[in-house]
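One structure, as structure tokens, below. Some questions next.
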Amino acid sequence: KLGNATVKAELGRATWKYFHTVMARYPETPTDDQKEALRSYIYLFARLYPCGECAEHFQQHLHKYPPQVSSRNAASGWACFIHNEVNAMLDKPEFDCANLGDFYDCGCSGDEEEGKKAS
Ligand code: FAD
């Protein structure tokens, strides 16, 4: 049981890191196509998340708080908020979303063109 919990937590940490990094790289002014891509991605991510119980909870959170995809700020803020919802559910401390800043850096500053990755 302890082993399972450790593995589940490890998957969670890796996934959150990736999830928030996706948001940090999302365009500041996305096209309609990019907005639709992020929205679809989030719903599919929630459906396909490997921990079934987590996926179920997360889909309930999504139902209550639909993805915000209008800008990078909106998407990052929304992701921070929804992660805090999961934190609250698990009795973990709230993360201060004002501290997001450069916390999630992809190490890919060479990709100059805005929105390149998401297009
Ligand atoms: P994590 O919550 O994994 O966070 C990792 C790091 O991200 C933190 O150390 C902090 O630096 C930063 N961080 C924390 N909060 C935020 C925030 N709001 N915004 C930005 N950065 C932040 N586990 C379960 O037991 N039951 C579940 O139902 C469940 N559902 C999950 C659903 C999803 C979609 C995901 C990705 C994970 C889920 N998990 C669930 C795993 C759980 O959320 C944690 O990842 C795991 O418990 C490890 O927690 P942690 O304390 O190491 O920090």
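Each ligand, and each atom within it, is numbered from 1 in the order the structure gives. Keep in mind that this is a model prediction, so the values were computed, not measured. By convention here, the first residue in the shown sequence is residue 1.
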Tell me if a side-chain donor or acceptor on Arg72 pairs with a main-chain N or O of Ala24 at a distance below 3.5 Å.
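At least one qualifying donor-acceptor pair exists.
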
Can you list the atoms of ligand 1 that are under 4.0 Å from a heavy atom of Val86?
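Every atom of ligand 1 under 4.0 Å from some heavy atom of Val86: 43 (O).
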
Nearest-0.5 Å distance that lies between atom CZ in Arg39 and atom CD in Gln68
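The distance works out to 9.0 Å.
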
If the plane angle is over 60° it's perpendicular, under 30° parallel, otherwise tilted; pick one for His20 and His83.
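Aromatic pair His20/His83 classed parallel.
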
Check whether any side-chain heavy atom of Arg25 sits under 4.5 Å from a side-chain heavy atom of Cys108, and report yes or no.
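Heavy-atom side-chain distance check passes, below 4.5 Å.
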
Give the residue and atom name of whichever protein heavy atom lies nearest to atom 15 (N) of ligand 1, and the separation in Å to one decimal.
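Heavy-atom neighbour on the protein nearest atom 15 (N) of ligand 1: Asn87 ND2, 3.0 Å.
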
Which atoms of ligand 1 are found less than 4.0 Å from any heavy atom of Leu90?
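Selected atoms, number and element: 23 (N), 24 (C), 25 (O), 26 (N), 40 (C), 42 (C), 43 (O).
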
Which residue and atom name correspond to the protein heavy atom nearest atom 25 (O) of ligand 1, and how close is it?
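Sorting protein heavy atoms by distance from atom 25 (O) of ligand 1 puts Lys8 CE, 3.4 Å first.
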
Among all protein heavy atoms, pick out the one at the shortest distance from atom 14 (C) of ligand 1; state its residue, atom name and that distance to 0.1 Å.
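Looking only at protein heavy atoms, the one closest to atom 14 (C) of ligand 1 is His83 CE1, 3.5 Å.
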
Residues, nucleotides or ligands: over 12 heavy atoms within 6.0 Å of Asn99 CG:
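Yes, CG of Asn99 has more than 12 neighbouring heavy atoms, counting only those of other groups under 6.0 Å.
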
Does Asn73 offer a backbone N or O that forms a donor-acceptor pair with the side chain of Trp78 under 3.5 Å?
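Side chain of Trp78 to backbone of Asn73, a donor-acceptor pair under 3.5 Å: no, none is there.
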
For atom 22 (C) of ligand 1, which candidate among Phe95, Tyr49, Tyr18, Phe45 provides the closest heavy atom?
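The option holding the nearest heavy atom is Phe95.
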
Checking contacts here: is it the side chain or the backbone of Asn84 that comes within 4.0 Å of ligand 1, counting heavy atoms only? Could be both or neither.
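Both parts.
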
Specify whether the nearest protein heavy atom to atom 6 (C) of ligand 1 is under 4.0 angstrom away.
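Given the 4.0 Å cut-off, atom 6 (C) of ligand 1 does not count as touching protein heavy atoms.
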
Heavy-atom pairs closer than 4.0 Å: do any link ligand 1 to the side chain of Lys17, the backbone, both, or neither?
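It is neither part, as no heavy atom is under 4.0 Å.
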
Under 3.5 Å, is there a donor-acceptor pair between the Ser40 and Glu36 side chains?
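Looking only at side-chain atoms, Glu36 and Ser40 do form a donor-acceptor pair, the distance falling under 3.5 Å.
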
Please report whether the ring centroid of Phe58 lies less than 6.0 Å from that of Tyr49.
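No, the ring centres sit 6.0 Å or more apart.
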
So between Lys92, Arg13, Met23, whose heavy atom ends up nearest atom 3 (O) of ligand 1?
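Ranked by closest heavy atom to atom 3 (O) of ligand 1, first place is Arg13.
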
Give the contacting part of Glu94 toward ligand 1: side chain, backbone, both or neither, where contact means a heavy-atom distance below 4.0 Å.
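Neither part.
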
Determine, considering heavy atoms only, which of Gly12, Ala5, Ala14, Cys51 sits nearest to atom 41 (C) of ligand 1.
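Shortest heavy-atom distance from atom 41 (C) of ligand 1: Gly12.
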
Quick one: which of Trp16, Phe103, Phe81 has a heavy atom closest to atom 33 (C) of ligand 1?
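Closest candidate by heavy-atom distance is Trp16.
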
Do the ring planes of Tyr18 and Tyr41 sit parallel (below 30°), tilted (30 to 60°) or perpendicular (above 60°)?
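Correct class here is perpendicular.
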
Starting from atom 20 (C) of ligand 1, find the nearest protein heavy-atom neighbour and note its residue, name and distance.
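Protein heavy atom with the smallest distance to atom 20 (C) of ligand 1: His20 NE2, 3.3 Å.
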
Testing the basics here: between Pro30 and Ser71, what is the closest heavy-atom pair and its distance to 0.1 Å?
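Taking every non-hydrogen atom into account, CD-CA, 3.8 Å.
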
Nearest-neighbour protein heavy atom for atom 30 (N) of ligand 1, which is reported as residue plus atom name and distance:
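For this ligand atom, the closest protein heavy atom is Cys54 CB, 3.1 Å.
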
What I want to know is whether Thr15 and ligand 1 share at least one N or O pair that is separated by under 3.5 angstrom.
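In fact, backbone or side chain, Thr15 has no N or O that close.
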
If we only consider heavy atoms of Met89, is any one of them less than 4.0 Å away from an atom in ligand 1?
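Heavy atoms of Met89 do come under 4.0 Å of ligand 1.
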
Below 6.0 angstrom between ring centroids: does that apply to Phe103 and Phe95?
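Judged by ring-centre distance (under 6.0 Å), Phe103 and Phe95 do meet the cut-off.
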
Ligand 1 and His57, any nitrogen or oxygen pair closer than 3.5 angstrom?
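Such a contact does occur with ligand 1.
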
Between Pro93, Ala9, Cys80, Ala46, which one has a non-hydrogen atom sitting closest to atom 46 (C) of ligand 1?
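Going through Pro93, Ala9, Cys80, Ala46 one by one, Ala9 has the nearest heavy atom to atom 46 (C) of ligand 1.
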
Looking at Glu53, is its backbone amide N or carbonyl O close enough to the side chain of Glu56 to form a donor-acceptor pair, meaning the two atoms are under 3.5 Å apart?
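No; zero donor-acceptor contacts below 3.5 Å.
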
Identify, for atom 12 (C) of ligand 1, the protein heavy atom at the shortest distance, and state residue, atom and that distance.
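Atom 12 (C) of ligand 1 sits closest to the protein heavy atom Tyr104 OH, 3.4 Å.
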
